[in-house]
Amino acid sequence: MTARQTPLDKLAQVETNIDSPSLIVVGKGTKLSDKKVQKSRARRKTITDSLILNLIKVAKKKGRSSKTIQTYWNTYHCQRRVYGFDGKLHGKYCKNRICTICLGIRKAETIRKYYPVLSKWPDCQFLTLTIKSIPAKELARYTKGMNKIMVQIIAKYRRRHLRGRDVQLKGVRSFECNFNPKTRKYNPHFHLLLETEEMANKLRNEWLKVFPKKHVNPLAQKIRKVDNLEHDLVEVIKYGSKIFTDSDLTRKSRKMISPFVYVSALDNILNAFSGHRLFQNFGFKLPPDSKFYPEKNIQLTNQYDEWVYKSVLRDWLNLSSGEMLSGYEPTAELMDILTNKINLEFE
């Protein structure tokens, strides 16, 4: 494993053996018989494909780098082909931040790793650190600056702890950003889970020392005790920018109101976040048994089944039998978003 690999780099991967009709896969795979999982994956693929194709349009118009556009295309091809063998389904993952399939896997893996550790913190606190909203042209600069300041604060308390002068800050943090379509501004912020209220207060106070009031509203830097660890851990895990799902639909006057998706703003956030670690633990190490150990390679013989995702069907088509993999049918509300609520205006 190379130094640059991330948790998502450790997910199942597929390689084609050009010298043989067989495939080499890495990973456990998922049960072919689990239609609930397959339908959930088809819904995520439907959402991701629509977002990505629109992100590519926006990126090209903005003159984004070929690397950025290729990253979007890699996400588009995530799980494009999947392979069934011995009752399991295997596919290649893109591991990109915008991919709803990979984010779902990342969420489950992170909960598995961190929940046992954080559940032993009886005074666990949820802390939000933010700045006042900024325009798109400032987003990259503030993203870099906020992450640098966070690293410096954590390092400061680590040094003080080694000298016996203070506590070491222990927790997990994520960095994300919201877009306000009314003000056309962005709100980058941290979500953190810390071991104690004392640590949360120290970190909050350090944050307020760095930023003058014209940049930070003290009342927006909120601390609360964690009552539902799994819920709050999920809140911290979801990093980057919120990607809508069916559950984002809201009710108003007994009518279902679906959200708009501001693709250009999403592209701005993704580009500002490029190269930054958006989720990280600090002050403690995970126990050895929670770390990922790669599965052995499995060679699929020419007896495996192959499915190809067809956007028009919103499902995977078996190339031999012609059957659909999941039988997924999107809701009318989701189709309304994908068809009528995609905003491509530049921010």
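Residue numbers run from 1 in the order of the sequence given.
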Q | Min side-chain heavy-atom separation Lys31-Gln38 under 4.5 Å | A | no

- Item | Cationic N near anionic O, under 4.0 Å, Glu197 to Lys225 | no

For Ile69 and Ile56 the tightest heavy-atom approach is CG2-CG2, 4.5 Å

* Neighbour count >12 (heavy atoms, 6.0 Å) for atom CZ, Arg224 -> yes

Open item on the list: Keeping Thr130 on the side-chain end and Pro188 on the backbone end, is there a donor-acceptor pair under 3.5 Å?
Closed with: yes

- Ion pair Arg112/Glu109, N-O distance below 4.0 Å: yes

- Query: Hey, any chance Trp207 and Val151 share a hydrophobic cluster, counting ILVMFWY side chains that come within less than 4.5 Å of each other, even indirectly?
  - Reply: no

Distance col, row Thr68:OG1 vs Asp267:CG, nearest 0.5 angstrom, shows 7.5 Å

Going by chain and number, the hydrophobic cluster around Trp316 (ILVMFWY, side chain to side chain under 4.5 Å) further includes Leu32, Val82, Leu89, Trp307, Tyr309, Leu325

Distance col, row Asn281:CG vs Leu193:CG, nearest 0.5 angstrom, shows 11.5 Å

For this session: Evaluate side-chain contact (heavy atoms from CB on, under 4.5 Å) for Leu278 paired with Ser174, printing each intermediate quantity in order.
Result: CA-CA 5 Å; Leu278 303 185; Ser174 69; 6.0 Å; no

Test item: side-chain donor near acceptor, Asp123 and Gln125, under 3.5 Å: yes

Notebook entry, point to check: If you group Ile, Leu, Val, Met, Phe, Trp and Tyr by side-chain heavy-atom gaps below 4.5 Å, do Val308 and Ile101 land in one group?
Noted result: no

Atom CD of Gln152: over 12 foreign heavy atoms under 6.0 Å: yes

Note to self: Could you check whether Thr71 and Asn96, counting side-chain N and O atoms only, form a donor-acceptor pair closer than 3.5 Å?
What the structure shows: no

Val234 side chain reached by His231 side chain, heavy atoms, under 4.5 Å:
no

Notebook entry, point to check: Is it true that Tyr328 and Val37 fall in one hydrophobic cluster, defined by side-chain heavy atoms closer than 4.5 Å?
Noted result: no

The reported gap from CZ in Phe211 to NZ in Lys132 (rounded to nearest 0.5 angstrom) is 12.5 Å

Grouping ILVMFWY residues whenever side-chain heavy atoms fall under 4.5 Å, the cluster of Leu162 otherwise contains none

| said: For Ser326, is there any backbone N or O sitting under 3.5 Å from a side-chain donor or acceptor partner on Asp315? | reply: yes

Nearest heavy-atom contact between Pro122 and Lys120 is CD-O, 3.0 Å

For Ile269 and Cys177, the nearest pair of non-hydrogen atoms, with its separation, is CD1-O, 3.8 Å

Relative to Phe260, does Lys341 satisfy both conditions: NZ or CZ under 6.0 angstrom from the six-membered ring centre, and within 45 degrees of the ring's axis?
yes

Should we say atom NZ of Lys107 is surrounded by more than 12 heavy atoms from elsewhere, each under 6.0 Å from it?
-> no

Go through it in stages, so that I can follow the logic: the residues are Glu235 and Phe126, the test is side-chain contact (heavy atoms from CB on, under 4.5 Å), and I'd like the CA-CA distance, side-chain angles, deciding distance and then a yes or no. CA-CA 10 Å; Glu235 184 68 16; Phe126 190 102; 3.7 Å; yes

*Gln280 and Arg173: side chain donor to acceptor below 3.5 Å*: yes

Trp121 and Gly171 have their tightest heavy-atom pair at CH2-CA, 3.8 Å

Query raised in the report: Stepwise, does the side-chain contact (heavy atoms from CB on, under 4.5 Å) test hold for Val167 with Glu195?
Result: CA-CA 11 Å; Val167 298; Glu195 186 179 27; over 6 Å; no

Next on the checklist: Do Leu229 and Leu286 sit in one hydrophobic cluster, given that two such residues count as connected whenever their side-chain heavy atoms are within less than 4.5 Å of each other, even indirectly?
Outcome noted: yes

Rounded to the nearest 0.5 angstrom, the CD1-OG distance for Ile337 and Ser50 is 9.5 Å

Of Phe279, Phe175, Tyr186, the one forming a ring pair (Phe, Tyr, Trp, His ring centres under 6.0 Å) with Phe273 is Phe175

Is the closest side-chain heavy-atom distance between Val226 and Leu118 below 4.5 Å?
no

- Query: Got Asn318 and Glu306 here, is their nearest side-chain heavy-atom distance under 4.5 Å?
  - Reply: no

Between Gln168 and Gly283 the two heavy atoms that sit nearest each other are NE2-CA, 3.6 Å

- Message: Any heavy-atom pair between the side chains of Leu319 and Arg81 that's under 4.5 Å?
- Response: yes

- Query: Taking it one step at a time, do Ile52 and Asp49 satisfy side-chain contact (heavy atoms from CB on, under 4.5 Å)?
  - Reply: CA-CA 5 Å; Ile52 289 300; Asp49 271 21; 5.8 Å; no

Q: Would you mind reporting whether Arg277 and Asn147 have side-chain heavy atoms less than 4.5 Å apart?
A: no

In this structure, SG of Cys102 is separated from CD of Gln79 (nearest 0.5 Å) by 7.5 Å

Please determine whether a side-chain nitrogen of the Lys or Arg among Arg97 and Glu176 lies less than 4.0 Å from a carboxylate oxygen of the Asp or Glu.
no

Residues Asp232 and Asn228: side-chain donor-acceptor under 3.5 angstrom
no

Joining Ile, Leu, Val, Met, Phe, Trp and Tyr whenever any side-chain heavy atoms lie under 4.5 Å apart, the cluster holding Leu219 also takes in none

- Query: Does the side chain of Gln70 come under 3.5 Å of the side chain of Asn74 through a donor N or O and an acceptor N or O?
  - Reply: yes

If only side-chain N and O atoms count, and only distance matters, is there a donor-acceptor pair under 3.5 Å linking Lys61 with Ser264? no

For Cys99 and Cys94 the tightest heavy-atom approach is CB-SG, 3.5 Å

When you measure from the side chain of Arg314 to the backbone N and O of Thr46, does any donor-acceptor pair fall under 3.5 Å? no

| message | Counting neighbours of NZ on Lys222 that are heavy atoms of other residues, nucleotides or ligands and sit closer than 6.0 Å, is the number greater than 12? | response | no

Rounded to the nearest 0.5 angstrom, the OG1-OH distance for Thr75 and Tyr93 is 14.0 Å

Please determine whether residues Phe282 and Ile149 belong to a single hydrophobic cluster, defined as Ile, Leu, Val, Met, Phe, Trp and Tyr linked transitively by side-chain heavy-atom distances below 4.5 Å. yes

Notebook entry, point to check: Does any non-hydrogen side-chain atom of Leu169 lie less than 4.5 Å from one of Phe284?
Noted result: no

Worksheet item: Is the closest side-chain heavy-atom distance between Lys57 and Val263 below 4.5 Å?
Response: no

Exercise for review: Look only at the side chain of His189 and the backbone of Asn187, and say whether a donor-acceptor pair between them is shorter than 3.5 Å.
Suggested key: yes

- Using atom types as modelled and distance alone, determine if a side-chain donor or acceptor of Asn180 lies under 3.5 Å from a backbone N or O of Lys185. no

